[in-house]
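In what follows, a single structure is set out as structure tokens and then discussed.
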Amino acid sequence: MQIQIQNVVPVPLKDKFSKRASDVWNKQVSFSKGEWIKIVAPSGTGKTTLMSILYKQRHDYEGAVKWENIDLKNITGDDLASLRQHKVSVIFQDLRLFENLTARENIELNRVLQKPFYEAGKIDDMTEALGITHVLNQRAGVCSYGEQQRIAILRALVQPFEWLIMDEPFSHLDIANTNKAAALIAEECKKRNAGFVLTDLDEDNLFPYTKTYRL
Amino acid sequence: MLNQLLKKIIRTGVGPGRFIMAATGLTIAMLLILSAVQIQINYNELLYGKNNQDSIANFLVVNKVIDGNKRENVLSKEDLDKLKKQPFIEKVGLLTASRFKVSAQSPSDNFPFYTDLFFESVPDEFIDVTSTDWKWEAGSTTIPLIIPNQFLDLYNFGFAPSQNLAQLTQSMVMTLPIVLNVTFQGQPIRFTGKVVGFSDRISSVLVPQNFLKMANKQFGSQQGEMKPSRIVIRTNDPGNPELVKYLKDNEMVTDADKTRFSQYRKIVNTVVSASWVTGAVMLLFALLVFSLFIQLTIASTKNEINLLITIGTSPGQLQRFLMKQFLPANIVITFVCLAIVAVLQFLLQAFFQKQNMYVDRIVSPYTLAAAIIILVVLWIVNYTTIKKYIRQTEK
């Protein structure tokens, strides 16, 4: 599925964004199926805004975002849910776990929301890989940020997807954990022939990116 | 599994206390309205049901109010036509009176009595006596008579004891030949009367219609069309307040006993109607409370629902889940209320049976239908409320 970003400019601070030179804002950008995209976005360039627009969390923009040629603004209700269940997965910068559910339950929710991509046991394999097995039965609300972020990453990886949207996914992890997480993400994306869009503050060598943009 | 997780996420919003309150309100309202339906059915059954029909009660003898200033108080043709048109009147029978002098006396000295008498006649269908002897052939001097039971009572408990005479049974009276003397042009013309039956309905000495017609023509002092002073009406409901009002408005009266109940009926009607209104109002109220409850649950877990939608829960999934939370309670409440009404009906039937009144032992199908309709309404209210507020949260 192709993603097209056509002359998108967020309405708040419209002036600021149209004056700045950007690879993405107010430009025609296209991500093809399976591409691994990096968007380098220093603070204040609208990184989270872009991610929110892409995932249809925000609607206050001009221009169009198209998923497989359909304007995102026209995808609603059950269709939008289907998109999020089967085609697009997300890791939020602010994590957004259900605080009253345990780590396992948070991940499990995404697994059973649609016809499961993996069986239940797979969660344990993945938590082992990232070293958070010990918090599986702990309420997400009392886990540390690092643990929560890894839970959020796993939550995004247990469902089917063609695109993975990631907004600063390693901000709370040390280098060792970052590498483990990146390896797991790469593995899961290869398995599905999926592409991803990853935004972060600086450049990095975590993945063999297909394209890099500066926001 | 998904439902368990959703339950854990959304449950935290509203405590069980509020749910119990909403459920209680709905139970009370539904009980009221189902009872109202069942009461209405019972009421109709008591009034009109076949088992409660009383053949006496449906016939009333009606006459014009006696106005002392008029010589005759009769019902004109207009009066009759107007009366026949009324919806509570099924049939009208005219009571024709004799227009000649006639007397009755006993043939032997064992039961000495003599009295001046009168006759009336009415179409056979209005008489509550069936007898093969109730016919008169032209030329016969034997005339069958039907007298009121009240006359026999008057004789047995009034006349006989005071005159030291023996009391008579119905069958004894029917064997007695009665000498009837019609005075015509100064001369007595003799007939023999035979009592063939006793009426509880018409307080008169009845003779067959064809006889009276002949006799009036032959012996009658006044000729021409006689206006009836009394009529018998057949009605399906003598206690009907409208009937009573009509009679009153048109200066007609009838046996007070049978219409007295119209007063009570008015009151009962009001009470039964009131129970309807109360039930309906309470149900509306309960529906409102329940939908507010749903709204509250959704609103208090707004953030959780938002997040659920964000990670991909479809509105359909959420709606189905919420319906599963609310609808079963509604169904249970409906069945519980039906069960309670059924038990009450069972007890009511036993109670009425002792009073010789009959109502159904099981709840009427109308009550069942009402319960199903209410359930459908609840379903619709649940569905639309959930849909509306999920949609709002989506924004």
Side-chain angles (χ1 to χ4, degrees), chain A residues 51-52 54-60 75-92 94-117 119-120 123 139-141 151-152 154-161 163 165 167, chain B residues 1-19 293-327 379-380 382-395:
Chain A
M51 294 288 105
S52 302
L54 265 186
Y55 198 65
K56 202 174 178 180
Q57 291 291 102
R58 283 179 70 157
H59 316 92
D60 50 348
I75 308 178
T76 55
D78 287 334
D79 292 328
L80 182 60
S82 182
L83 196 72
R84 288 171 174 164
Q85 285 175 10
H86 298 104
K87 303 262 173 85
V88 183
S89 194
V90 65
I91 304 173
F92 296 106
D94 52 352
L95 309 178
R96 297 206 207 165
L97 299 175
F98 287 100
E99 302 201 335
N100 286 322
L101 295 186
T102 65
R104 183 191 290 281
E105 285 167 347
N106 266 292
I107 303 170
E108 181 74 0
L109 182 60
N110 249 39
R111 188 182 76 84
V112 297
L113 207 53
Q114 63 287 314
K115 189 155 170 289
F117 186 74
E119 352 94 37
I123 296 180
R139 263 182 66 232
I151 297 169
L154 290 184
R155 176 172 77 174
L157 295 179
V158 293
Q159 67 168 83
F161 58 84
W163 281 101
I165 313 277
D167 189 0
Chain B
M1 186 59 205
L2 177 60
N3 273 323
Q4 272 172 276
L5 291 168
L6 287 175
K7 233 184 190 170
K8 201 168 168 189
I9 296 171
I10 293 183
R11 168 197 296 266
T12 47
V14 185
R18 286 229 178 75
F19 185 73
F293 177 78
I294 294 175
Q295 206 182 320
L296 181 65
T297 304
I298 295 176
S300 61
T301 53
K302 200 165 92 150
N303 293 332
E304 281 82 354
I305 290 179
N306 254 327
L307 185 49
L308 278 168
I309 294 179
T310 302
I311 64 167
T313 316
S314 69
Q317 277 172 309
L318 275 172
Q319 277 162 20
R320 279 193 294 279
F321 168 73
L322 284 169
M323 285 293 271
K324 274 199 207 121
Q325 303 310 300
F326 295 119
L327 202 58
W379 189 92
I380 293 174
N382 280 357
Y383 186 76
T384 45
T385 310
I386 290 172
K387 198 163 187 160
K388 178 171 174 196
Y389 288 101
I390 294 290
R391 194 151 284 167
Q392 269 190 16
T393 319
E394 246 187 296
K395 294 215 175 348

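The sequence lines fix the lettering, A, B, ..., with proteins before strands; numbering per chain opens at 1.
Shortest non-hydrogen contact noted between B:K8 and A:T102 is NZ-CG2, 4.4 Å. Closest approach of A:D78 and B:G316 over heavy atoms only: OD1-N, 3.2 Å. The heavy-atom pair separating B:P315 from A:A81 by the smallest distance is CD-CB, 4.4 Å. Taking each heavy atom of B:T310 and A:Y55 in turn, the nearest pair found is O-OH, 2.9 Å.
For the residue pair B:Q4 / A:E108, no side-chain donor-acceptor distance below 3.5 Å is found, with atom types taken as modelled.
In this structure, A:K56 places its NZ atom where more than 12 heavy-atom neighbours from other residues, nucleotides or ligands lie under 6.0 Å away.
Using a 4.5 Å heavy-atom threshold, the side chains of A:V90 and B:I311 count as separate.
We find the CZ-CG distance between A:R96 and B:N303 to be 10.5 Å, quoted to the nearest 0.5 Å. Atom CD1 in B:I309 sits 9.0 Å away from atom CG in A:L80 (nearest 0.5 Å). Here the CG-CG distance, from B:L2 to A:L113, works out to 6.0 Å after rounding to the nearest 0.5 Å. To the nearest 0.5 Å, atom CD1 of residue B:I9 and atom CD of residue A:E99 are 12.0 Å apart.
Side chain of A:E105 to backbone of B:L5: no donor-acceptor contact under 3.5 angstrom is found. Under a 3.5 Å cut-off, the side chain of A:R84 and the backbone N or O of B:S314 do not form any donor-acceptor pair.
For B:Q325, the side chain to side chain donor-acceptor pair (under 3.5 Å) test picks out no residue, with sequence neighbours left out.
Using a 4.5 Å cut-off between heavy atoms, A:R111 makes no contact with chain B at all.
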